[in-house]
Every structure is written in structure tokens, then in C-alpha cells.
Amino acid sequence: MPGVRADLEALTRIPSVSLDAFDQAHVEASAEATAALLRAEGLEVEIVREGGRPAVIGHVDGPPGSPTVMLYAHHDVQPPGDEALWDSRPFEPTERDGRLYGRGAADDKAGILAHVAALRAHAGALPVGVTVFVEGEEEIGSDSLPTILERHGEKLRADAIVLADSTNWAIGEPALTTTLRGMIRVVVTVSTLDHGVHSGMFGGAVPDALTTLVRVLASLHDDAGNVAVAGLKEGVAADLEFSEERLREESGLLDGVSTIGSGSLLSRIWTKPSATTIGIDAPSVATSSNTLVPSASAKVSIRLAPDEDDLEAFELVKGHLLANTPWGAKVEVHLDDRGLGFAADAHGPVYDEARAAFRDAWGVEPVDIGVGGSIPFVAAFAERFPEAAILVTGVEDPDARAHGANESLHLGEFEKVCVAEAVLLARLGALPR
Ligand SMILES: [Zn+2]
């Protein structure tokens, strides 16, 4: 572990922010550094670019007839944000109370080093073939990933895929992420007039677009706060302890404001749909005048059950919005973005060995968790390699603060992640052929 830790710190010192406004020479440097780490473990390595940031692909054969395992992580990071909010410099990894602080120390450079650690544990005698794929643009949406999978997919083909970019349930409680929600983002535009008119002269008989839009948006939920679009799927979340107190604290919900929706809290944030209005184009309060607004738009972010089809969901949402537009107002609904969710088939020999490996490393049984957000690359891998078992693992814990100030890695848990992955390779190599 000391060597793994030193390599993690060196990688974390490279400020490989993939966002356009940042110097992309650092992303090149982190790709090179990642390639060097893999070469040192005996992998044949190339850096590929398909119109986006550099990705690193490394491969080493296993014993004849052994399965191939593909290990995924990403070497790009989020911007540091306001450095004044950090207690130590974001790109100077610093240990405090058993945690290593730094942008990317957890998300996802520790994912890269977990893979390297697993390779090192088997140095010279890998029980399986291993392909490592380290992407360089996960934090900006993996735009060129579909092209990489199309052009280099054969190199990435594997019997099992380990995507190390998620989280564990708690310190001492390992988890496999078995569901992710899908999403669609829609823009709804309501028009009632061909120009703005005096609200005193016509208000009372003529509907304005903004009030009409508000009624359309209000139709997205029932009185209890459940999404009211008929036909959308709802999944069942794992039965884990998750208190309302924890939800209130983690989300910053104000005293007296109730939660919305029904069913378990985890089903509401992991497997049931949600609808959130995230922006409105309308006159601002400061510049508004006594005018009936002729046209107004809103952008709505809708999260979908893990096994929902995003395009079918869009048709349902569009139909709902059209049907719930009052007073014959003109309404247009446009699909702004979409992404499939993920629901693992969390059974079979690979999952059995993964759970056993986690048990070996932690001494406790791992739990299955969901994540309410969407990770586009997971669905991309599931689509490209439908026959592979996909394991979504991770180095994070609830205090990791990925993307925020003071991102950190729990070093004790990280060691267990490394052990679990090394044991997993051994277990997969020992499966009967
Ligand atoms: Zn990540």
C-alpha cells in the first residue's frame, strides 16, 4: 500500500480538469502518467483519442482459457471550485484523520490505483486476462465514449467489467451499485398571445403564458408529490436502513418542509421517477411590468426508473404536458437531453465471486445500492457488451465529497477496495471453465 499511496499522490498532483476552460496539457499528462503506471505492470498500453480527451487502454493476457476482466476508471477530474473553501490545496494531496484530501484523490484517481494495486498483487502471475480502460472525459459527459467503444470495442471486450467510479454504503459497509436512474430533460414552451398586452386592459379574460405554464408544470405531481405522468415505470429499491433524518441532513431540507412522494425514501431517490423544474425563461421580477406575458418556457429534468426506456418516457411526458395544458394554449415540448439508466442482472458467478471478494476484504456481506443520478458510460458499456457481467464498484464513501470542496479518500477503506479487487481477480481466475 505505501507504493500505491505514493503513486496515487503523484497522480492527484496533476490538475487534469477536462472542462474546456482548463489547460488540457494536464489531461495529457495524467493520461501519460496512467499509461506509465500500467506499462510498469507489464501491460501493453496505447492512448486513444476519438475527438475528445485522451483515454488509456492497456491489456495483458491471462493464462490460456482464462476469462478477461476489464477494469474501468477515469483520469480526468472536476474543477476545484472556489479554493478558499478547501482546507488544504486541491492539487496537493494531504492526509488528515485517515483521509487523503485532494481533487481526484477519490474520484477517480483512487479508482485507477485500485486497478493498479490489484495488478501488483498478482505481479507476474495474473490469474485472468486484464484490460484496463481509463477514460479522460467522464466529468464532461463522456461524449466520445460511444466512438471509442465503436472503434476500439474489440480490445475492450471482456467477460466481466468492473467500473470503479461509484461509492460504498458506509465506512465498513461495502456495496455494489446495481441500479442507476435514467434521465430526460425537456423544454416546454407555452404561448397564449402573439404579443404582450396591458394586464389591466385584458387581464381577467385573456390568459397569460406564464400563469398557464405554471399550471402545466404543477400537473407533473399529484398532491402527495409523486410524479403524475401515467405509464412511467417505478422500480423497487433495496431494503436498506435510510432515515428521514439522514435525508434531511444530507439534502439541507429546511425545518418544517416535508419530503414529497410516497414509498420508501430510497425508492423515491433511486428507483422511482422524479420531475424537477430547473429553469424558466420569463421576465425577471426586477424588470417585469404589468403585461400579459405572451410566451414562456421551462426546462424540466426528469429522472427515470432504472429500466425505463428514455424515448418512450419522453413520449409519455410529452403527452402528459399536452393533455394538461389549460385554456387551449399553444404548447411545444422539446427533448433537450436523454440518457438510459442501468439495472444490473446482479446474479450469476461473477456477482457471486464479487460478493465473496468483498466479504473477504471487509469481513461483512456487501449490500446492493442504487444511485439516483445517471452515469452515461455505464449504460454505454451495458449496450456495447450485453453478454458481460457489469460490476459497478467504487472507492467513495458518504463523506468523500466528490465534486465538492475538500474531496477526500478514506485510506482504510481504500486498502479494502484494493484487496477486494485483487481477490476478485483470483476468484474469477479460479472459476471452473
Ligand atoms: Zn467519477
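Start at 1 and go down the list; that is how both ligands and their atoms are numbered.
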Candidate pair Thr177 and Thr393, rule side chain to side chain contact (heavy atoms under 4.5 Å, CB included), full reasoning: CA-CA 6 Å; Thr177 300; Thr393 66; over 6 Å; no
Under 2.8 Å from the Zn ion (ligand 1), is there any N, O or S atom belonging to Glu138? no
Taking N, O or S atoms only and a limit of 2.8 Å, check whether Glu139 reaches the Zn ion (ligand 1). no
About how many Å separate CD of Glu353 and CZ of Arg359, when rounded to the nearest 0.5 Å? 9.0 Å
What's the atom name of the N, O or S in [X] nearest to the Zn ion (ligand 1)?
X: His74; value: NE2
X: Asp165; value: OD1
X: Asp107; value: OD1

For Phe381 and Phe385, take the angle between the two ring planes, folded into 0 to 90°, and tell me which bin it lands in: parallel under 30, tilted 30 to 60, perpendicular over 60.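 Because their plane-to-plane angle is under 30°, the rings of Phe381 and Phe385 count as parallel.
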Please verify the inter-ring angle class for Phe242 with Trp169; under 30° counts as parallel, over 60° as perpendicular, anything in between as tilted.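 Tilted: the ring planes of Phe242 and Trp169 meet at 30° to 60°.
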For Arg53, run the side-chain hydrogen bond (donor to acceptor under 3.5 Å, both in side chains) check against Glu137, Gln24, His74 and tell me which one passes.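 When Glu137, Gln24, His74 are each tested with Arg53, the side-chain hydrogen bond (donor to acceptor under 3.5 Å, both in side chains) holds only for Gln24.
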